[in-house]
Amino acid sequence: MGAALWLAAALVAFAAARLIPRGRRGWLAELVAALVVAIAAGFAATALDFGGWAEPEPRAGLFALLAAFAATGFVRLVTFWRAHALN
């Protein structure tokens with residue numbers, strides 16, 4: 001259940017990022033970044049002993065959500081910078 005919360009947090013961050021048009025190019029890189037970082041943040045939350053992969057803990061979900069937001073923002077920043085640095 002905890003891992004499902006991490007994945008749900010990644011999908012929420014991805015959906016929220018898709019609502020912001022600035023820097024939006026492709027969706028696959030953002031989705032992959034959000035999923036990978038949210039899972040890594042979930043395991044980090046488990047290592048920090050607030051939550052686990054089998055139990056839904058709100059703190060771990062929030063940690064995964066914020067990390068996924070940061071990952072999608074970083075992907076947007078890199079793609080926006082690459083698109084405008086070449087011009």
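Heavy-atom basis, side chains included; hydrogens, waters and symmetry copies ignored.
Closest heavy-atom contact between R59 and D49: NH2-O, 4.5 Å.
More than 12 heavy atoms of other shown residues, nucleotides or ligands fall within 6.0 angstrom of atom CZ in F50.
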Which donor-acceptor pairs under 3.5 Å do the side chains of residues 61-71 make with protein atoms, sequence neighbours left out?
none

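When the side chains of ILVMFWY residues are joined at heavy-atom separations under 4.5 Å, either directly or via intervening members, L19 and L11 end up in two distinct hydrophobic clusters. Note on F80 and F74: separate hydrophobic clusters, where clusters join Ile, Leu, Val, Met, Phe, Trp and Tyr whose side-chain heavy atoms are under 4.5 Å apart, directly or indirectly. In terms of hydrophobic clustering, with Ile, Leu, Val, Met, Phe, Trp and Tyr side chains grouped at heavy-atom distances under 4.5 Å, L35 and V37 are assigned to different clusters. Linking ILVMFWY residues whenever their side-chain heavy atoms come closer than 4.5 Å, directly or via other members, places L7 and F43 in the same cluster. Criterion: ILVMFWY side-chain heavy atoms under 4.5 Å apart, direct or through other members. Under it, V36 and I39 are part of a common hydrophobic cluster.
With rounding to the nearest 0.5 Å, the separation of CD in E30 from OG1 in T79 is 6.5 Å.
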Decide side chain to side chain contact (heavy atoms under 4.5 Å, CB included) for R76 and I20; before the verdict, give the C-alpha distance in whole Å, the side-chain angles of both, and the deciding distance to 0.1 Å.
CA-CA 10 Å; R76 287 276 178 103; I20 301 170; 4.0 Å; yes

Output, in order, the C-alpha distance, side-chain angles, deciding distance and verdict of side chain to side chain contact (heavy atoms under 4.5 Å, CB included) for W6 and T46.
CA-CA 11 Å; W6 306 340; T46 301; 3.6 Å; yes

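Applying the side chain to side chain donor-acceptor pair (under 3.5 Å) test to every pair with at least one member in residues 7-17, sequence neighbours left out, gives no pairs at all.
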